[in-house]
Amino acid sequence: MKDSILPRKFYDRPALSVARDLLGARLIRIEDGQRVGGIIIETEAYGGEQDLGCHCRSGRTERTQAMYGPPGHAYIYFTYGMHWMLNFVVEADGNPAAILIRAIHPTEGLNLIAERRAKQPPKRWTDGPGKICQALNIDKGLYGVDLCIPDNNLFVEKGSRIPDSNVTIGPRVGLNTVPEPWKSKPWRFLASMEDTIEDTTTANA
DNA sequence: AGCACGATTAACT
DNA sequence: GTTAATCGTGCTC
């Protein structure tokens with residue numbers, strides 16, 4: 001449904017609020033007219049040049065320019081020589097901040113996802129940021145894409161809100177050489193309880 | 001121009 | 001728990 005696409009004002013808020021509220025929403029990629037995606041179940045917030053865990057700690061560069069732009073766009077980057085990472089730009093234009101999408105619960109386009117994640121069991125299809133981009137065929141080609149335009153092939157739809165009792169908050173993952181206090185900031189949000197996920201899937205079907 | 005390393009993953013001991 | 005894979009980016013010389 002086009003009218004269920006999250007509007008720009010959803011992204012135009014503090015990073016922590018957006019990261020938390022993205023849990024339960026549906027990440028959708030359109031490929032040749034086919035929907036591929038699922039429910040967002042894990043996110044992390046990055047933002048501000050003071051955040052030494054954020055790429056924008058180096059200021060505005062060619063790679064990070066999207067983060068400095070208006071909210072509601074995709075910030076995508078390549079790392080470890082082989083993995084793409086999907087982020088959503090948040091907060092006001094000129095204010096660098098983004099949300100890393102770390103895990104989703106696949107619900108649509110399962111045939112394509114299974115194909116691309118062939119050697120892994122369904123549980124491991126999209127339980128990591130690099131895996132999501134592999135499963136949904138996301139790479140540099142989608143850098144800077146506007147997530148608020150229905151005609152574009154990447155956007156997020158409103159889903160069922162995950163109650164606080166099912167949300168786990170903790171430190172961000174993989175910031176091994178980042179100094180404190182940034183390394184331990186509790187800016188990771190994880191939706192727990194399979195029951196909730198399954199209910200949400202059914203409710204949205 | 002060269003270099004160290006990363007918001008990771010999968011395979012292995 | 002440990003480690004190889006693999007290359008764009010940002011920093012130093």
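The figures that follow rest on heavy atoms only: side chains count, while hydrogens, waters and symmetry mates do not. Quick note on labels: first sequence line is chain A, next is B, and so on, each numbered from 1. Keep in mind that this is a model prediction, so the values were computed, not measured.
- Under a hydrophobic-cluster definition in which Ile, Leu, Val, Met, Phe, Trp and Tyr are linked whenever side-chain heavy atoms come within less than 4.5 Å, directly or via other members, A/Y80 and A/L100 are assigned to different clusters.
- Nearest nucleotide to the side chain of A/P129, out of B/dT9, C/dC7, B/dA7: B/dT9.
- For A/Y46, taking side-chain heavy atoms from C-beta onward, the closest of the listed nucleotides B/dA7, C/dC7, C/dT9 is B/dA7.
- In this structure, A/E42 does not pair ionically with A/K131, as no charged nitrogen and carboxylate oxygen lie closer than 4.0 Å.
- Among the atoms of the strands shown, only primed sugar atoms or phosphate atoms (P, OP1, OP2) are found under 4.0 Å from some heavy atom of A/K131.
- For A/R102, the listed nucleotide lying nearest its side chain is B/dA7; candidates were C/dG10, B/dA10, B/dA7.
- When the C1' atom of B/dC5 is taken as reference, atom CZ of A/R57 falls 10 Å away, rounded to whole Å.
- Between A/R102 and A/E44 a salt bridge is recorded (basic side-chain N to carboxylate O distance below 4.0 Å).
- Dashed line: the shortest gap from a side-chain N or O of A/S58 to OP1 or OP2 of C/dC11 is under 4.0 Å.
- Atom CE of A/M85 and atom P of C/dT9 are 14 Å apart (whole Å).
- Taking only side-chain nitrogens and oxygens, A/T61 comes nearer than 4.0 Å to OP1 or OP2 of C/dG10.
- Picking from C/dG10, B/dA7, B/dT9 the nucleotide with the shortest atom distance to the side chain of A/C54 gives B/dA7.
- Remark: A/H55 is in phosphate contact with B/dA7, judged by side-chain N or O atoms under 4.0 Å from OP1 or OP2.
- Each of A/M82 and A/K140 has a nearest nucleotide on DNA chain C; the 5'-most of these lies closest to A/M82.
- We find that CH2 of A/W84 is positioned 15 Å from C1' of B/dA7, with the value rounded to whole Å.
- At least one side-chain nitrogen or oxygen of A/T177 sits closer than 4.0 Å to the OP1 or OP2 atom of B/dG6.
- No N or O donor and acceptor, one from the side chain of A/Y80 and one from the base of C/dA5, sit under 3.5 Å apart.
- Nucleotides B/dC5 and C/dT3, compared at atom C1', are 16 Å apart to the nearest Å.
- Look at A/K185 and A/D51 and you find no salt bridge, because none of the NZ, NE, NH1 or NH2 atoms lies under 4.0 Å from a carboxylate O.
- Here C/dG8 sits opposite B/dC5 as a Watson-Crick or G-U wobble pair (both hydrogen-bonding atom distances under 3.5 Å).
- Nucleic acid contact class of A/N87 (heavy atoms, under 4.0 Å, all strands): base.
- A sub-4.0 Å separation between OP1 or OP2 of B/dA11 and a side-chain N or O of A/Q120 is present.
- One atom, CZ of A/R63, and another, C1' of C/dT9, lie 6 Å apart when rounded to the nearest Å.
- The side chain of A/R117 contributes an N or O atom lying less than 4.0 Å from OP1 or OP2 of B/dA10.
- Here B/dA7 is the nucleotide among C/dC7, B/dA7, B/dT8 with the atom lying nearest to any side-chain atom of A/M67.
- Of the inter-residue distances, the one linking A/I39 atom CD1 with A/E157 atom CD reads 11.0 Å to the nearest 0.5 angstrom.
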